[in-house]
Structure formats: structure tokens, C-alpha cells
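Since we're looking at a predicted model, the values are computed, not measured.
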Amino acid sequence: VGEIDLASLQQCTEVMGNLRGHLINYDTEAMAIFETLKSLPIAKMYQPQFKKLQILLNNYDFEKALEQVDEISDIFSKETT
């Protein structure tokens, strides 16, 4: 993993928090939020994790997608400590 830009990480974390809220409510708006999320530069650094999340969203498996968002958040937490 390359060097992490903390501003990008913060932006990504904010968008993921928004995504998380929509997933909890089984809101299909989560799909549009994911498109924003995957367009962020930091998403390229975590492509396997975001690809898995995209597959789950495409299958409308919002519960597992929520778990994946939490896993990605955990990775981000470890990267910044």
C-alpha cells in the first residue's frame, strides 16, 4: 500500500459513513453513494475491497455490504495508527 493522504482518507471515511447509513436502511441510494466513493483516489489503493463491496451492492446484499464497509473502515483505522 502506498502512502496515505490523510485528507483523502478523511473524505473517504465521510462518504463511507454516508453509505453505511443508507445500507442500514436498505436504501438503494447506496448505489449512487458507492459510485462517488469508488471515484475517490484512495479507492484505487484498496481495489480488492471496493470490488467486493461493488459486487455485494450489485446483488443488493446490503447486510454483507455493510460488513464490508466496516472491514474497510477497520483497515483505514489500522493504516492511520
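- Sequence neighbours left out, the pairs with a member in residues 7-21 that pass salt bridge (charged side-chain N to carboxylate O under 4.0 Å, His left out) are R20-D70.
- With contacts defined as side-chain heavy-atom distances shorter than 4.5 Å, the pair F76/M16 qualifies.
- For the atom pair CG of L19 and CZ of F34, the computed distance is 8.0 Å after rounding to the nearest 0.5 Å.
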Compile the donor-acceptor pairs under 3.5 Å between side chains in residues 53-63 and protein atoms, sequence neighbours left out, one pair per line.
residue	atom	partner	partner atom	Å
N58	ND2	Q54	O	3.4
N59	ND2	I55	O	3.2
D61	OD1	K64	N	3.3
E63	OE2	Y26	OH	2.6

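- Considering all non-hydrogen atoms of both residues, A43 and L37 come closest at CB-O, 3.7 Å.
- Contacts classified as side chain to side chain donor-acceptor pair (under 3.5 Å) and involving residues 28-39 (residues at least two apart or in different chains) are not found.
- Without hydrogens or angle criteria, Q49 side chain to Q68 main chain gives no donor-acceptor distance under 3.5 Å.
- Summarising the geometry, atom CD1 belonging to I42 is positioned 4.5 Å from atom CG belonging to L9; distances are rounded to the nearest 0.5 Å.
- Contact check for I72 versus Y46: no side-chain heavy atoms found under the 4.5 Å cut-off.
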